[in-house]
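Structure record follows, encoded as structure tokens.
The chains referred to below are lettered A, B, ... by the order of the sequence lines, with proteins before strands, and numbering in each begins at 1.
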2 protein chains.
Amino acid sequence: MTEADIFKALADPTRRKVFEKLAGGSLNASALRDGLEISQPAMSQHLSVLRAAGLVREQRQGRFVNYEVDPDGIVAIGAWLARYRAYWPKRMEALADLLKDMDQ
Amino acid sequence: MTEADIFKALADPTRRKVFEKLAGGSLNASALRDGLEISQPAMSQHLSVLRAAGLVREQRQGRFVNYEVDPDGIVAIGAWLARYRAYWPKRMEALADLLKDMDQ
DNA sequence: ACGACACATAAGCATGTGCTTATGTATCGT
DNA sequence: ACGATACATAAGCACATGCTTATGTGTCGT
């Protein structure tokens, strides 16, 4: 789970779509395939990349594997972004408020 | 300047180093090469990618080109991160405060 | 026990990415 | 005007990445 892993993982459009789907709630690998025209192994490989990056975590339930957003990845991106806080413009202030308010 | 451009740009370790250097202040292409063992064309190509992503902007000064962090890219990442605010853990609250406080 | 199912892994292939050397373009100093 | 300097662009190459098909592993229902 390094910065390299995280940015590389998010560089792929399919993986960003998967991540966004998971933001709406936990889903298993098959459910994640719906809509995305992709093979089962391809999805499995993408999920592996997302998991190695710390963006997603899994929970086995019988023969299903439920995936969900892993806050660790989110935190890592936030921490990276914080290093460039000197360049946050004024309009980001509202965003910072929003982020804080929603964290409950 | 799309999410794809941004994450792809940051997926490369050399480009992240360049970006971090620029966070310390404006620098020209030659100065950015110091320390990084990389050819002049390679740096030029990296800067082109960073600029296309909206992470960096340039300012010609004679035969020098000064590069600096472009807040647009920062904002774009912040906006992307905001979409997953539901998964910001408690410890991110402090970060949101920090980001807000520093934005002055 | 056995077939069906959910997912992971292996191997091979097409395309993308980052590097190099060579060269082009524009500006500076003298 | 001329060479030196700063940077960009072009072309070619090695390696990484994402996909596919084929197969492996473990779990469920009957």
Quiz item: Quick one: does A/Y67's side chain have a donor or acceptor within less than 3.5 Å of a partner on A/L22's backbone?
Solution: no
Quiz item: If the sugar-phosphate is the primed atoms plus P, OP1 and OP2 and the base is the rest, what is the B/S/- string for nucleotides 13-23 of chain C, using protein heavy atoms under 4.0 Å?
Solution: ----SSBBBB-
Exercise. Kindly write out the residues that satisfy side-chain hydrogen bond (donor to acceptor under 3.5 Å, both in side chains) with B/D72, not counting sequence neighbours, or none if the list is empty.
Key: A/R91
Quiz item: What residues form a side chain to side chain contact (heavy atoms under 4.5 Å, CB included) with A/S39, not counting sequence neighbours?
Solution: A/P41, A/A42
Quiz item: Which angle, to the nearest 10 degrees, lies between the helix axes at the two ends of the helix from C/dA1-D/dT30 to C/dT30-D/dA1, each defined by five pairs?
Solution: 30°
Practice problem: Hey, could you give me each pair passing side-chain hydrogen bond (donor to acceptor under 3.5 Å, both in side chains) that has a residue in residues 1-12 of chain A? Not counting sequence neighbours. | Solution: A/T2-A/D5, A/E3-A/R83
Practice problem: Round to the nearest Å and state the distance from B/N66 atom CG to D/dC7 atom P. | Solution: 8 Å
Quiz item: Looking at residues at least two apart in the chain, or sitting in another chain, which of them share a side-chain hydrogen bond (donor to acceptor under 3.5 Å, both in side chains) with A/R57?
Solution: A/E68
Quiz prompt | Per-nucleotide protein contact string for nucleotides 24-30 of chain C, where B marks a base within reach and S marks sugar-phosphate only (heavy atoms under 4.0 Å, - for neither) | solution = ---BS--
Quiz item: Taking only residues at least two apart or on different chains, which pairs with a member in residues 42-51 of chain A satisfy side-chain hydrogen bond (donor to acceptor under 3.5 Å, both in side chains)?
Solution: A/R15-A/H46, A/R51-A/E58
Show every donor-acceptor pair shorter than 3.5 Å between a side-chain atom in residues 31-38 of chain A and any protein atom, with sequence neighbours excluded, or say none if there are none.
residue : atom : partner : partner atom : Å
A/R33   : NE   : A/I38   : O            : 3.0
A/R33   : NH2  : A/I38   : O            : 3.0

Quiz item: What's the CE-P distance between A/M43 and D/dG18, to the nearest Å?
Solution: 14 Å
Quiz item: Residues two or more places apart in sequence or in another chain: which of them pass ring pair (Phe, Tyr, Trp, His ring centres under 6.0 Å) with B/Y84?
Solution: A/F19, B/W80
